[in-house]
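Reviewing the structure listed below.
No experiment lies behind these values; they were computed from the predicted model shown.
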Amino acid sequence: MFSSRFYTLVYISRTVRFFISFIHFNKEILFMAANLRLWLTACVLSAAAIIPGGAASAAGSSEVNPRGLVLSLSCSSCHGTDGKSVGLIPSIYGKSTSYIESAMLAFKSGARYSTVMSRHAKGYTDAEIRLIAEYFGRFSRNK
Amino acid sequence: MNMSQKISRRDFSKLLLTGATSASLGLFGTPSRAFGASKRVVVIGGGFGGAAAAKYLRKLDPSIAVTLVEPKAVFHTCPFSNWVLAGLRTMNDISQTYTVLKNKYQVNVIADSAVAIDSTRSTVKLKNGMVLSYDRLIVSPGIDFKWDAVPGHSEALANTRIPHAYQAGPQTTLLLNQLQSMRNGGKVIICPPANPFRCPPGPYERASLIAHYLKAKKPLSKILILDPKDKFSKQGLFKQGWEKLYPGMIEWRSGVTGGKVVKIDGTTMTVTTEFGEEKGDVINLIPPQKAGKIAFEAGLTDASGWCPVNPVSFESTIHPGIHVIGDSSIAGVMPKSGYAASSQGKVAAAAIVRLLQGKVPASPSLVNTCYSLIGTDYAISVAGVYKLTADGVVEIPGSGGLTPMNADADQLREEASFAVGWYNNIVHDTWG
Ligand SMILES: Cc1cc2nc3c(=O)[nH]c(=O)nc-3n(C[C@H](O)[C@H](O)[C@H](O)COP(=O)(O)OP(=O)(O)OC[C@H]3O[C@@H](n4cnc5c(N)ncnc54)[C@H](O)[C@@H]3O)c2cc1C
């Protein structure tokens with residue numbers, strides 16, 4: 001049997017994902033509209049196009065830290081594009097900066113149980129963890 | 001072979017200052033297309049590296065026009081192809097297509113092969129004669145095999161009797177059919193290659209999952225691994241798992257104990273090692289490897305047979321303007337994995353977005369995680385976080401590492417579930 005902490009994790013992540021899918025649907029439409037606009041103005045290197053992360057510009061966030069971006073892109077291989085998981089691994093999408101930062105710090109110190117996350121978290125300085133948390137925190141309504 | 005790419009200290013500081021060897025070249029050196037027109041990036045190869053790079057280029061900067069050249073309409077992933085051999089997945093389960101890249105991300109996908117790269121004119125020629133111009137080129141062609149490394153072996157033999165099953169697709173099906181028609185009590189011989197090769201734990205996960213199938217269906221059978229190496233990835237964990245789940249079924253012979261294969265005979269199904277002959281009912285010889293063919297033809301490889309790159313942007317150190325990612329690249333101590341290829345694809349995409357804007361790419365960190373399934377509820381993993389230093393791409397001390405040797409059954413079962421979770425997300429993140 002799985003341990004109960006594992007089931008709790010899966011349950012929480014599924015519930016959260018269910019609600020997020022509604023929010024996401026709207027964002028997706030905004031994103032597509034933004035894309036279309038960008039296509040029409042492709043000749044001009046518009047300010048919106050320079051901001052890395054089309055989804056983020058549609059969500060109305062400001063300039064993305066380029067280092068935060070490259071650090072965060074690797075997370076999506078396990079946690080899904082923009083941190084939206086389609087599988088059993090918990091989503092990062094929608095979580096706040098402070099939640100992600102404290103979770104990563106707890107994985108890093110070993111205070112929080114994990115199979116693989118503590119091995120990853122130990123690869124980042126606290127400042128880098130902050131950058132990653134800020135990157136994903138942009139998708140959250142609670143910054 | 002020294003895998004870690006040495007950079008002199010002066011070069012390193014220069015690299016961090018300018019971000020890439022040709023940050024300025026991108027602006028002034030490459031032939032500039034009609035002023036103000038959207039920038040063009042061509043990607044060769046729609047596997048883990050190339051597909052991820054194409055998607056993320058479009059996602060990060062929708063003003064860039066991205067063309068992906070890939071001959072296969074359906075891509076079968078090597079990850080989880082060992083699960084197919086065990087009967088735990090079908091070939092359909094490991095199929096990916098380019099529909100979402102085309103429709104959602106507006107990547108121009110061309111179903112063809114690149115046959116030549118002209119780095120001075122910045123063009124790629126396709127098999128059908130079409131010529132594509134680029135501002136930046138990404139090359140992610142995976143691996144090619146050194147067919148002449150084992151006397152008696154050939155590509156024709158691999159396509160009929162001795163499959164490698166190290167590029168998923170018809171090769172996987174061939175090995176699967178051979179295993180299914182093998183008698184109970186037969187011997188399966190697996191011959192892994194010398195380092196470096198794609199997916200270092202791959203041959204040993206394969207041995208485990210073939211054992212899973214044989215234990216249930218043909219329990220008198222045996223597996224013999226003839227290895228030129230004296231140690232292998234996750235060795236302690238694999239051996240522990242084999243003892244627990246398949247006692248007496250798998251024998252691993254190291255290089256010094258006669259594992260090195262010196263000849264193969266496909267007619268008599270005999271493998272000759274430095275110590276004698278072994279007959280197999282099924283032989284899975286995985287030849288030594290080198291960068292994909294197009295990388296050689298474009299002069300992107302060095303004497304090692306792989307492609308040296310600047311690890312900030314994965315731009316070739318031989319031909320500026322061309323970025324090599326995935327298995328073909330020399331990425332320091334990073335293993336050649338789908339995860340690594342995808343991570344590099346995204347780093348290269350982010351770097352190219354900045355280079356095309358005349359900006360310096362941010363210093364990346366690269367990540368790898370490789371799950372290996374030993375039995376249905378039993379998986380192990382290796383993780384790594386990598387950084388750029390004066391010695392090239394190195395693992396960050398204290399990070400990464402293996403599933404602990406004393407992991408309990410709960411943890412091994414969780415890792416098996418996370419292996420599935422990982423697969424679902426990475427294929428969605430790459431092709432979906
Ligand atoms: C049995 C096995 C199990 C594995 N398991 C895992 C795992 O669990 N986790 C993991 O992370 N990795 C795993 N890997 C490793 C992973 O498959 C590779 O590292 C990964 O595919 C490398 O990505 P790539 O983009 O370099 O090459 P590929 O994914 O091989 O893609 C290369 C693509 O380029 C195309 N191409 C080649 N030449 C041309 C050309 N001239 N023009 C146009 N297109 C071209 C090819 O058709 C191909 O589609 C496994 C490998 C094997 C063999």
OH on A/Tyr113 to CD on B/Glu414, rounded to 0.5 Å: 3.5 Å
With B/Asn425, the side chain to side chain contact (heavy atoms under 4.5 Å, CB included) member among A/Ser85, A/Ser91, A/Cys78: A/Ser85
Pick from B/Val385, B/Thr430, B/Leu366 with the largest number of heavy-atom pairs that fall under 4.5 Å of chain A: B/Val385
side-chain hydrogen bond (donor to acceptor under 3.5 Å, both in side chains) against B/Tyr378, all qualifying residues, sequence neighbours excluded: B/Lys244
Which of B/Gly401, B/Gly421, B/Ala350, B/Gly400 touches chain A most, by non-hydrogen pairs under 4.5 Å: B/Gly400
Side-chain touch A/Ser76/B/Lys346, heavy atoms, less than 4.5 angstrom: yes
For chain A, the option from B/Asp377, B/Leu402, B/Asn368 that forms the most heavy-atom pairs under 4.5 Å: B/Leu402
Heavy-atom check, side chain of B/Arg354 versus side chain of A/Leu69, under 4.5 Å: no
Heavy-atom check, side chain of A/Val86 versus side chain of B/Asp429, under 4.5 Å: no
Any side-chain heavy-atom pair of B/Trp422 and A/His79 under 4.5 Å: no
Contacting moiety of B/Ile426, where chain A heavy atoms sit under 4.5 Å: both
Closest non-hydrogen atom pair between B/Pro364 and A/Val70, with its separation: CA-CG2, 4.0 Å
Inter-residue atom distance A/Leu71.CG - B/Ser365.OG, 0.5 Å rounding: 5.0 Å
Within-4.5 Å side-chain heavy-atom neighbours: A/Leu73 and B/Tyr56: yes
Within-4.5 Å side-chain heavy-atom neighbours: B/Val367 and A/His120: yes
Chain A contact via B/Phe48 - which portion, at a heavy-atom distance below 4.5 Å: neither
Spacing of B/Glu415 atom CD and A/Thr115 atom OG1 [to the nearest 0.5 Å]: 5.0 Å
Largest heavy-atom contact set with chain A, pairs under 4.5 Å, which of B/Glu395, B/Gln344, B/Lys387: B/Lys387
Pick from B/Ser399, B/Ala52, B/Ala409 with the largest number of heavy-atom pairs that fall under 4.5 Å of chain A: B/Ser399
Top contributor to chain A interface from B/Val420, B/Thr369, B/Val427, B/Val347 [non-hydrogen pairs under 4.5 Å]: B/Thr369
Side chain A/Arg67, main chain B/Ala362, donor-acceptor under 3.5 Å: no
Shortest non-hydrogen contact from A/Val116 toward B/Ser381: CG2-OG, 4.2 Å
Atom pair OG1 (A/Thr81) and NZ (B/Lys59), whose distance is rounded to the nearest 0.5 Å: 6.5 Å
